Amino acid sequence: MDAITKRDLLRGSVATALGLGAAGANAAALGQSAGQQDTAPEPGLPPIAKGRFDSSVASLKTYQTPDWFRDAKFGIWSHWGVQAVPRQGDWYARFMYVPGHPHYDHHRKTYGHPAESGYKDIIPLWKAERFDPEALMDRYAAAGAKYFVSMGVHHDNFDLWKSTHHRWNAVAMGPRRDIVGEWQRAARRRGLKFGVSEHLGASYTWWHPNGLYDQFWPKLGVAYDGADPAYADLYHGNHDEPFRNTPESWYTQKTAYHRMWLRRLRDLVDNYEIDLLYSDGGLPFGEIGRSLVAHLYNTSIARRGRLDAVYTCKDSGSGEFHKEACVQDVERGVMNGIHPLPWQTDTSNGDWFFAENSDYKTARQIIAMLADIVSKNGNMLLNVVQYADGSLPPQSDQLLADLAAWMKINAVAIHGTRPWHVFGEGPTETASGMFKESGDYTAQDIRFTTRGETLYALTLAEATGPVAIAALAQGNPHERRQVRRVRMLGHGGRASFRQTDQALVIDLPTASPTRQATAFEITFA
């Protein structure tokens with residue numbers, strides 16, 4: 001069976017994503033008539049911290065993105081956890097229970113049949129024995145990260161913090177370390193803003209296959225370990241919800257699950273003083289989800305005297321999305337044109353979890369994507385792949401070294417900048433939306449950023465000859481003033497240039513100081 005990605009569920013292909021075949025597809029079709037989610041809060045739920053926000057949509061729409069996020073532009077994410085152990089990549093916990101999938105085949109060959117050796121038996125193998133958050137955070141800060149995001153809990157329902165409400169957590173088992181807490185302290189010591197990602201909202205429906213059974217001889221009909229009630233708090237117990245072949249199937253309708261999600265996430269927000277919370281999908285669970293966001297915002301104001309918190313979620317058809325109430329996150333994709341509100345791309349240099357045969361993005365691709373995103377009023381949140389032991393694969397190590405070298409020279413054209421009148425120009429077209437990213441640009445693709453009266457022009461590949469910028473031709477509609485000075489960042493002297501009716505043409509004063517994007521600082525008379 002071909003590997004299935006997240007887009008299959010977000011586009012409603014539930015039966016396909018589960019590998020259920022015709023019978024499952026019929027069940028999914030029957031589920032389309034399921035009612036709307038019952039998401040009203042019930043007695044016993046934690047109250048929202050007092051403040052200007054409540055759980056209404058109107059209240060949350062008064063949100064304004066804090067300046068730190070608009071200035072930061074680049075963050076690094078540790079999308080890391082138990083699923084790095086098998087070295088097979090993303091969604092291992094799900095597909096190890098789907099016969100015919102490569103993860104299922106790997107699991108049987110390596111660990112045994114999932115009826116006897118399931119995901120719970122992978123957890124003790126995650127020891128994080130070489131995890132050094134202090135050394136890693138030094139590398140991330142040098143690479144230009146202004147904020148850092150830790151995995152909080154993935155769809156595998158395993159908490160990476162000292163969880164008050166869930167026994168399946170990294171302090172009680174596995175590495176027996178407070179992964180979120182250690183990351184937080186390392187980030188704070190370096191002045192980085194700190195965030196956490198939650199993927200728990202989708203866990204109930206995502207992890208449905210663990211409660212099924214094998215479909216092949218000689219294990220035909222043998223139930224997987226997810227059907228064992230002894231582990232119901234890890235595997236979500238009886239998955240008795242009908243399939244819905246719609247994007248809304250990403251989130252369960254079970255109100256008991258909504259309440260559990262809120263308690264777990266409130267534990268994380270209250271005890272780790274996070275600056276950013278990321279949800280993997282739309283805002284989950286209606287009013288319950290909105291109450292969490294309101295609480296995040298109010299506690300930020302109480303702690304800092306101003307609203308410094310950021311909540312990111314996706315306009316994916318699952319859950320709620322109100323563009324004024326949050327920061328839009330675009331997974332492995334970009335926007336077309338300058339977006340009026342700050343937004344974020346989340347992506348990875350390889351697979352989301354370490355995979356033996358993964359392709360890796362180069363520094364040239366990452367930097368080109370970053371410049372494109374920043375020119376359109378966005379930020380990049382980049383996962384840097386880690387081995388299960390916490391150390392870096394060679395590709396991640398080299399990427400950080402290359403980013404550090406480039407940022408040392410060119411960070412001024414990225415951090416603290418704002419978009420210009422147009423985002424850029426060039427021959428390469430980009431598609432807007434999730435799962436449409438591309439780092440393959442040319443030196444003729446140019447992106448613009450501004451800092452005060454200074455304009456920066458970045459070529460999305462290393463410039464090796466004269467650079468022509470059509471947007472700055474004589475008589476252009478964007479800037480009536482004449483170009484006074486051009487300097488290539490990393491080079492002390494001025495660059496010679498001429499403004500013609502077709503373009504501003506810049507002669508390179510020397511070879512580019514980096515092998516990736518070349519940045520020019522342009523000032524006007």
Side-chain angles (χ1 to χ4, degrees), residues 65 67 70-74 144 334-343 367-379 406-430 441-514 516-525:
T65 307
D67 286 341
R70 299 193 67 198
D71 290 339
K73 303 304 180 188
F74 181 55
V334 297
M335 297 280 196
N336 270 344
I338 299 172
H339 201 266
L341 295 172
W343 59 281
I367 290 168
M369 289 174 59
L370 175 63
D372 177 64
I373 290 163
V374 171
S375 74
K376 298 171 180 175
N377 204 28
N379 287 22
W406 191 86
M407 285 289 186
K408 188 175 181 179
I409 295 169
N410 299 293
V412 67
I414 297 295
H415 299 311
T417 64
R418 296 292 183 267
W420 193 44
H421 303 293
V422 292
F423 71 88
E425 63 186 47
T428 305
E429 296 184 3
T430 58
Y441 296 93
T442 71
Q444 288 71 49
D445 293 302
I446 298 171
R447 297 295 182 263
F448 303 114
T449 63
T450 64
R451 181 190 299 275
E453 294 295 310
T454 302
L455 175 67
Y456 296 96
L458 299 96
T459 66
L460 300 192
E462 179 185 0
T464 57
V467 175
I469 304 176
L472 289 174
Q474 289 277 14
N476 75 81
H478 315 300
E479 178 55 73
R480 297 298 185 184
R481 294 173 296 174
Q482 294 291 313
V483 174
R484 183 183 70 181
R485 182 175 183 268
V486 177
R487 182 175 71 91
M488 183 170 68
L489 297 185
H491 183 267
R494 298 186 179 192
S496 64
F497 65 90
R498 55 198 176 276
Q499 267 184 296
T500 72
D501 291 339
Q502 287 75 44
L504 171 69
V505 181
I506 304 170
D507 297 315
L508 296 188
T510 183
S512 178
T514 63
Q516 297 85 27
T518 303
F520 297 94
E521 180 183 83
I522 303 171
T523 56
F524 300 92

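Computation of the quantities below employed the complete heavy-atom set of this structure, encompassing side-chain atoms and omitting hydrogens, waters and symmetry-equivalent molecules. Bear in mind that the values here come from a model prediction, so they are computed numbers and not experimental data.
Taking 4.5 Å as the limit, every side-chain heavy atom of I338 sits out of range of all side-chain heavy atoms of F448.
Minimum interatomic distance between F520 and L508 (heavy atoms only, all atoms of both residues): CZ-CD2, 3.5 Å. P509 approaches A495 most closely through the heavy-atom pair CD-CB, 4.0 Å. Counting all heavy atoms, side chain and backbone alike, P513 lies closest to M488 at CD-CE, 3.9 Å. The nearest pair of heavy atoms linking E521 to L489 is CB-CD2, 4.0 Å. In this structure, R447 and S375 approach most closely via the heavy-atom pair CD-OG, 3.4 Å. Taking every heavy atom of both residues into account, N379 and I373 meet most closely at O-CG2, 3.4 Å.
Interatomic distance, CG of L472 versus CD of Q482, reported as 10.5 Å (0.5 Å rounding). Distance CD1/I414 to CZ/F74: 10.0 Å, rounded to 0.5 Å. Here CD1 of I469 is found 11.0 Å from CG of N476. Values are rounded to the nearest 0.5 Å. Note that the CD atom of E479 and the CG atom of L504 stand 11.5 Å from one another [nearest 0.5 Å]. Here the CZ atom belonging to R70 is positioned 9.0 Å from the CG atom belonging to L341, to the nearest 0.5 angstrom. Here the NE2-CD1 distance, from H491 to I409, works out to 12.0 Å after rounding to the nearest 0.5 Å.
The pair R481-E453 meets the salt-bridge criterion, since a charged nitrogen lies less than 4.0 angstrom from a carboxylate oxygen.
Within the 3.5 Å criterion, the main-chain N or O of A517 finds a donor-acceptor partner in the side chain of W406.
Counting only residues at least two apart or on different chains, the side-chain hydrogen bond (donor to acceptor under 3.5 Å, both in side chains) pairs with a member in residues 409-426 are D71-R418.
Other residues, nucleotides and ligands contribute at most 12 non-hydrogen atoms within 6.0 Å of the CZ atom of R494.
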Output side-chain donor-acceptor pairs under 3.5 Å for residues 459-467, partner residues at least two apart or in another chain, one line each.
from	atom 1	to	atom 2	distance (Å)
T459	OG1	A461	O	2.6
T459	OG1	T518	N	3.2
T459	OG1	T518	O	3.4

Intermediate values then yes/no, side-chain contact (heavy atoms from CB on, under 4.5 Å), H339 and K376: CA-CA 6 Å; H339 201 266; K376 298 171 180 175; 5.8 Å; no
Full working for side-chain contact (heavy atoms from CB on, under 4.5 Å) between Q444 and T428: CA-CA 9 Å; Q444 288 71 49; T428 305; over 6 Å; no
Working for side-chain contact (heavy atoms from CB on, under 4.5 Å), residues V334 and M369: CA-CA 9 Å; V334 297; M369 289 174 59; 5.5 Å; no
